[in-house]
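To start, the structure under review is shown below, and the notes come after it.
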Amino acid sequence: MEIIYERDSVAKKLIAKEVLADLPEWFGLPESTDEYVSKCMNYPLWVAKDGKNIMGFISLKETSHYTGEIYCMGVKKAYQRIGVGSELIRKLTTYCLGKYKLLQVKTVAEGRYCAYDQTISFYKSLGFFELEVFPSIWSEDNPCEIMIKQISQQKLV
């Protein structure tokens, strides 16, 4: 496996589209998925590959001078639970060191859907913890949980 920083906007779009199409449990709303694919074109993006095969990707959005956000991440089902997601986050974290103090991710709150509970467990295993749940940012059926991880050893204030 190799993880590559992708610079080409069209390639970013195709990568995001291909991976998210393989993950309907997480990305099953066409309008939302189209928005993720479209916005990934404009954000830093890393792709995990096994030869020519795309395994997954991760993209970064700056939400403040202190915080980077995992804007969108996906690993194809065939490559889940073998360390691809962890390596993508490690690569992103390395990039963020010296730029941000925190890394955040938004997901559906724990206890709503099994697939998202697995996602939350994954993030917790990498040092993320719940900051807050916003019950109506997305919808009442999909309350938004923000998880954060301190990536800088400097004081947060």
I'd like to check Phe57 versus Leu88 (side-chain heavy atoms, cut-off strictly below 4.5 Å). Are they in contact? no
Flag the pair Ile3 / Val47 as yes when at least one side-chain heavy-atom distance between them is below 4.5 Å, and no otherwise. no
Ile58 vs Ile70 side-chain heavy atoms within contact, under 4.5 Å: yes
With salt bridge (charged side-chain N to carboxylate O under 4.0 Å, His left out) as the test, would you mind laying out the steps for Lys49 and Glu6 before giving the verdict? CA-CA 11 Å; Lys49 291 186 173 185; Glu6 181 58 63; 5.4 Å; no
For Phe128 together with Phe122, are the ring centres under 6.0 Å from each other? no
With no hydrogens and no angle check, do the side chains of Asn142 and Tyr113 hold a donor and an acceptor under 3.5 Å apart? yes
Would you call His65 and Lys101 a side-chain contact if the rule is heavy atoms closer than 4.5 Å? no
Step-by-step salt bridge (charged side-chain N to carboxylate O under 4.0 Å, His left out) determination, Lys76 to Glu18: CA-CA 9 Å; Lys76 288 181 178 179; Glu18 179 179 328; 2.4 Å; yes
So, Tyr100 and Glu62: side-chain donor and acceptor under 3.5 Å apart, yes or no? yes
Counting C-beta onward and ignoring hydrogens, is there a side-chain heavy-atom pair between Arg112 and Pro143 closer than 4.5 Å? yes
When you compare the side chain of Glu35 with that of Lys39, does any pair of heavy atoms fall below 4.5 Å? yes
Within-4.5 Å side-chain heavy-atom neighbours: Leu131 and Met147: no
Contact between Cys72 and Phe27 at the side-chain level, heavy atoms closer than 4.5 Å - yes or no? yes
Please determine whether salt bridge (charged side-chain N to carboxylate O under 4.0 Å, His left out) holds for the pair Lys91 and Glu87, giving the CA-CA distance in whole Å, both sets of side-chain angles, and the decisive distance to 0.1 Å. CA-CA 6 Å; Lys91 186 67 109 174; Glu87 287 303 315; over 6 Å; no
Glu69 vs Lys106, test: salt bridge (charged side-chain N to carboxylate O under 4.0 Å, His left out). Steps then yes/no. CA-CA 8 Å; Glu69 176 181 355; Lys106 295 179 182 112; 3.2 Å; yes
Please say yes or no: joined through hydrophobic side-chain contacts below 4.5 Å, possibly via intermediate residues, are Tyr43 and Val19 part of one cluster? yes
Residues that Tyr95 engages under ring pair (Phe, Tyr, Trp, His ring centres under 6.0 Å), provided they are two or more places apart: Trp46
Going only through I, L, V, M, F, W and Y residues with side-chain contacts under 4.5 Å, is there a path from Leu60 to Leu20? no
